[in-house]
Amino acid sequence: GKTVHTIFGAKDSAKAGQLTLEIAEGATIGNGSYSNKTAAIAGSYGGGQAEAFNVYVEGGTVNGDIVGGAVNGSGHIDSVKIVVNNGTIQGGIYGGSKTSGSVDNAHIIINGGIIKNGINAGGTAGAVTHAQITITGGVIDGGITKGNAQNADVIIQGSDANITGDVEADSLTLYNVQKNMAVRVKSVKEITTAG
C-alpha cells in the first residue's frame, strides 16, 4: 500500500551480496530519471556491485522500467533474476544495463501480469554474457529483443502468454504451445519445438 520513487540494489561504492526485492499487491513504484536514463527499479547506480539482484513482482504497479543492471555508472551484477507473477509494469524489463554496467547472467521469468513496453534481454548499453527469458503467461506488449546480450535464449511454455511484437533471440524453444502466436521471429539461430 505504499508509494516509493525509485529502488536501487547497490548504490555508488556499495558491494552487496544477494539482494531480493518483492513488489506486493497495492504497492506503487515511481519512475526516476538519471542522466537521461529512466528506471523505476535498477540493480546498480553509480558503480554499485552485487552478487545477485532478484526482483519478484507479485502485484502492484511499476510506473517505469525494471533494469537488472546499471542505470548510472558502470556497476556490475553477477546474477539478475526478474520474476513477474502479477501486477502491471508500465515500462519495460531490461536484463542488463542502460549505461556501461555489466551483468553475467540475467534470467527473466514471466508467469503473469502485464508488461507494457516489452522485454530487452541485454539492455541498451554495457553487456550481458548470457540471458534467458522464460514465459508461461502474462501479456507482453512490444515484443522481445536481444539488446546487448551476447547470448539470449527465449523459452515459451504453454499457451497462456500473449505476446505482441517481434521475438529476437539466439535460440527459441516452444514447449507445449497449442495456439497460433501472432509474433514474428527475428534473428533466431535455432528453434526447438516440443509437446
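Source: prediction; values computed, not measured.
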In the single-linkage hydrophobic clustering (I, L, V, M, F, W, Y; side-chain heavy atoms under 4.5 Å), do [X] and [Y] co-cluster?
| X | Y | answer |
| --- | --- | --- |
| L174 | V185 | yes |
| L19 | I77 | yes |
| I144 | I66 | yes |
| V62 | V80 | yes |
| I93 | I140 | yes |

Less than 4.5 Å apart, side chain to side chain, heavy atoms only: is that true for [X] and [Y]?
| X | Y | answer |
| --- | --- | --- |
| I163 | I156 | yes |
| I7 | I29 | yes |
| V154 | E168 | no |
| L21 | Y56 | no |
| I41 | I23 | yes |
| V103 | F53 | no |
| K98 | D65 | yes |
| V177 | T193 | no |

Shortest non-hydrogen separation from [X] to [Y] and the atoms involved:
| X | Y | result |
| --- | --- | --- |
| S100 | A125 | N-CB, 4.4 Å |
| G147 | N120 | CA-OD1, 3.3 Å |
| V71 | A39 | CG2-CB, 3.8 Å |
| D78 | E51 | CB-O, 3.0 Å |
| Q150 | D170 | O-OD2, 3.8 Å |
| A161 | I135 | CB-CG2, 3.5 Å |

To the nearest 0.5 Å, what is the distance between [atom1] on [X] and [atom2] on [Y]?
| X | Y | atom1 | atom2 | answer |
| --- | --- | --- | --- | --- |
| S187 | D166 | OG | CG | 9.0 Å |
| T88 | I114 | OG1 | CD1 | 4.5 Å |
| T134 | I155 | OG1 | CD1 | 4.0 Å |
| I133 | T145 | CD1 | OG1 | 7.5 Å |
| Q49 | S44 | CD | OG | 7.5 Å |
| I110 | I115 | CD1 | CD1 | 4.0 Å |

Is the side chain of N148 donor-acceptor paired with the backbone N or O of G126 at a distance under 3.5 Å, no angle test?
->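 Yes: the side chain of N148 pairs with the backbone of G126.
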Any luck finding a side-chain donor-acceptor pair between [X] and [Y] under 3.5 Å?
| X | Y | result |
| --- | --- | --- |
| T6 | Y34 | yes |
| N85 | E58 | yes |
| N72 | T99 | no |

Is atom NZ of K179 surrounded by more than 12 heavy atoms (other residues, nucleotides or ligands) closer than 6.0 Å?
->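 Yes, enclosed.
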Could you check N105 against S79 for side-chain hydrogen bond (donor to acceptor under 3.5 Å, both in side chains), going step by step and ending with a plain yes or no?
-> CA-CA 5 Å; N105 293 290; S79 172; over 6 Å; no
Residue pair K81, T20: steps toward the side-chain contact (heavy atoms from CB on, under 4.5 Å) verdict = CA-CA 9 Å; K81 184 176 184 180; T20 300; over 6 Å; no
